[in-house]
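All chains are named by letter (A, B, ...) in the order of the sequence lines, taking the proteins before the strands, and each is independently numbered beginning at 1.
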Amino acid sequence: MAIGVKVVARPSGIAQDMYVSAVVKGLGVTMRHFFENLFGKKHIVTVQYPEERAVYPKRYRGLHRLMTRDDGSVRCVACMCCPTACPAHCITIVAEETGNGAEKRPAIFEIDELRCVVCGLCVEACPCDAIRMDTGIHAPPVEHRGDAVLGKLDLLAHTGKSEAHQGGLGGEWRGAPPVRTG
Amino acid sequence: MTPPETQLPAAPATVTLTIDGRQVTVQKGTNVLEAARAQGTDISYFCYHPGLSSPAVCRQCLVEVAGQPKLVPSCYTPVADNMVVITASERVLTARRQMLEFTLVNHPVDCPICDKAGECTLQKLYMEWDGHPSRSDVNKVHKPKVVDLGPTIVLDAERCILCTRCIRVCDEVAHQHQLTMAFRGDHEILTTAPGQVLDNPYSLNTVDVCPVGALTSKDFRFKMRAWELYTVPSVCPGCATGCNVEIHHAQGQAWRLVPRPNPDINKFWMCDEGRLTYKELTRDRVVGARLGDDPAPLEKAINYAAERIEQVRQEGGTVAVVLGAQATNEDLYLAARVAIDVLSARVFIAGRPAVPDRVDEILRSADVNPNSAGAKIFGRAAAGGIPELERALQNGELSLVWAIGEDLPLSEEAFAALDDIEMIVQASHEDELTAGADVVLPAAMWAEVDGTFTNVQGLVQRIRRALDAPGGAKPHWELTAAIARRLGVSVDEPNVRALFNEMKSKVPEMAGAEWGRPQPLVQLRFANSRG
Ligand code: SF4
Ligand code: SF4
Ligand code: SF4
Ligand code: SF4
Ligand code: FES
């Protein structure tokens, strides 16, 4: 089957050929915005950083942080759930033995914040509430890619806005009747 | 008493029974669990293992048998004619669910730090048909964690579900009673038998059979999560037995070897030493070609090797080709073809020195090379061994030695004699020999190539490439082919498969060999529980 071709008439005429009217029209738009902004500041979206700061939405996540136990040691047990869940493959963990009751902890814990797509799946995957994305810290500009890779100590040093109690509900859930499924 | 003269051949004893409304015919003596599996119905179980006896201690495999008032453990019940088995009635499932809950009463459920997570039978069954929180109101019974059982294994007594599989592996496979149960009731724990440590040469099989994460291998512990690993079927290079293994690898590196069942060779097991052979893959590897001590491009080193061989031949000297028993059949077939048919070289067979202490009646052979049988076949009758090579070297009969593999356990005098002649070696590891050789060519190892090994029984088994060879290392046959082409020998096999086919058609001993199907790369994330 042949493809139907719709012929569109080309606009023609002397005004069209000379472009003058189009140039004037375009300049008109530019000048209108120029004067509006000069006197009215109606359309300016630029924020005068650092004097002014953009208002972030309430649920803005920001950089990751690693949580600590009461004794200050890292809460993460290097279970590898977060690197498994991470769609951007930006979390690198190497585990080691702790030699105490906790048994396992990360020797290396790195997140490449440039690769991170800020999906929060790592936080959801964590069975230990060890990783959170609630610092509200905007990823700082870096000169080299490597500078955006945050290590264990960087992540532990981040303090966040959330101070929610860690450790789940404790024994309280036992008060509720057991939910039986399946 | 003399047997009757005309004995009728025993009728193949089979039994026909009905499982979940479908008829299945199996051999007499099979248990109901295996019969159901043969018919395609999986029954959950913990303590049963096809390679071990059935003590029926876990009761996770209960089924209903028509006419029997109580549920019976399917792992322990032999099939009988006209038996009617129901594996999935409400009664059966409730019983199994309750057994599972019972097993979990004191279980710590520390899956995040448990090495078995991702391949744990308990985890799998819980996810499959339990999935509710604990109903127990009292504190769990705590038991010792991180207990050192021996040089290879750590026990977490809390996670142990007391299935006794590990005890049976020690008793029935290694024939050493090293593990036992102690105390009773919910204080029962697994422990080493009095005066024993868990140090038998098959100890790591207990980690494989443990259905939970109670036993963990010190070598593998915390290195990798099971679900991150990819598995490739291969053969253990540790000795001439050729146990079938899976190479578990990730991030371009092998992390562990586990046995792959093969009823003709290793059943379900392998020895601890064999398991650790993967460490050889990263030890002192030869990663680039060398001329003497100077790194050289591979091309140049191959050209130089070919020139030297050619020169020795023109001067009427004797070339010796050493077939190393660590190389594959294809490597050795090609090397022998070039050596015997073209160069008329003298052929010797070498390999790692035998370790007589290793031998047992179970799996381990004294010969610690995976392909000695293959080397013997390809070296043909004329091939000498290490003593002949030593004699020839000391008598100054050889002008050039071309070795496929660096394992040449020579006496000191013979080794010194090597200094005076030309030495070309296709090597995987740096050692004394490569340090003194004139040409060193980097060779890939068993986990980095496709090919076959011939085991001590003469079975030709396929090995598969799981990893990339480090640096510029190439399979032995490619290096050999490159040298041979420069000597004017036509080697037109484009790949190792073609070489295998040619070998199969030319060498009568290889006539029955099979290359096998291509294996899709499986990630353990999708491979279900092991153990
Ligand atoms: S937020 Fe998403 S992309 Fe970023 S580290 Fe977590 S899982 Fe990965
Ligand atoms: S999921 Fe949580 S506990 Fe597991 S490795 Fe990530 S941060 Fe650590
Ligand atoms: S044995 Fe299985 S269920 Fe128990 S902690 Fe380990 S992975 Fe979890
Ligand atoms: S350690 Fe593992 S194999 Fe041994 S009895 Fe306990 S659960 Fe079974
Ligand atoms: S598997 Fe049958 S009782 Fe344990």
Side-chain angles (χ1 to χ4, degrees), chain A residues 66-67 69 73-87 89-110 112 121-131 152 166-182, chain B residues 90 93-94 96-98 100-101 104 108-118 123 125-140 142 144-148 154-156 158-159 213 216 218-229 250-251 253 255 523-526:
Chain A
L66 281 178
M67 308 300 287
R69 295 167 202 260
S73 61
V74 61
R75 217 180 148 79
C76 168
V77 296
C79 72
M80 309 287 171
C81 286
C82 55
T84 303
C86 177
H89 298 298
C90 60
I91 308 178
T92 309
I93 301 176
V94 175
E96 68 178 4
E97 304 237 7
T98 58
N100 62 29
E103 270 195 62
K104 198 180 175 190
R105 70 174 167 219
I108 294 173
F109 193 118
E110 286 181 350
D112 185 343
L121 286 179
C122 48
V123 180
E124 273 182 55
C126 183
C128 306
D129 190 15
I131 188 169
K152 187 167 86 171
Q166 278 196 302
L169 292 176
E172 284 161 40
W173 63 270
R174 288 185 202 280
V179 193
R180 177 137 205 165
T181 53
Chain B
E90 196 45 46
L93 291 185
T94 307
R96 285 203 218 144
R97 233 178 245 134
Q98 286 170 344
L100 187 64
E101 188 172 13
L104 277 162
V109 203
D110 45 7
C111 309
I113 54 166
C114 178
D115 249 13
K116 201 77 170 193
Q123 217 180 21
L125 293 184
Y126 175 80
M127 294 297 183
E128 256 172 33
W129 28 280
D130 190 340
H132 64 84
S134 167
R135 291 191 293 170
S136 167
D137 263 349
V138 290
N139 285 337
K140 294 194 175 194
H142 287 290
K145 291 180 97 73
V146 206
V147 185
D148 195 354
V154 177
L155 165 74
D156 186 312
E158 276 185 343
R159 290 184 202 142
T216 46
K218 283 186 187 169
D219 177 56
F220 181 67
R221 203 171 145 83
F222 299 168
K223 292 264 172 62
M224 269 282 144
R225 296 304 255 163
W227 62 80
E228 296 180 281
L229 296 166
Q251 301 164 6
Q253 200 181 333
W255 295 95
Q523 193 176 15
L524 288 191
R525 194 178 292 187
F526 308 109

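The two residues A:Cys79 and B:Pro112 come nearest to each other via the heavy atoms CB-O, 3.2 Å. Of all heavy-atom pairs between A:Cys81 and B:Trp227, the closest is N-CZ2, 4.5 Å.
Between A:Met80 atom CE and B:Phe222 atom CZ the span is 10.0 Å, to the nearest 0.5 Å. Expressed to the nearest 0.5 Å, how far CD of A:Glu103 lies from CG of B:Asp115 amounts to 9.5 Å.
B:Arg225 pairs by the side-chain hydrogen bond (donor to acceptor under 3.5 Å, both in side chains) definition with nothing, not counting sequence neighbours. Applying the side-chain hydrogen bond (donor to acceptor under 3.5 Å, both in side chains) rule to B:Glu228 yields no partners; only residues at least two apart in sequence or on another chain are considered.
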Original post:
Does the salt bridge (charged side-chain N to carboxylate O under 4.0 Å, His left out) test come out yes or no for A:Glu97 and B:Lys218, once each step is laid out?
Top reply: CA-CA 11 Å; A:Glu97 304 237 7; B:Lys218 283 186 187 169; over 6 Å; no
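Interface check for chain A: of the options B:Lys223, B:Met224, B:Arg221, the most heavy-atom pairs under 4.5 Å are formed by B:Arg221.
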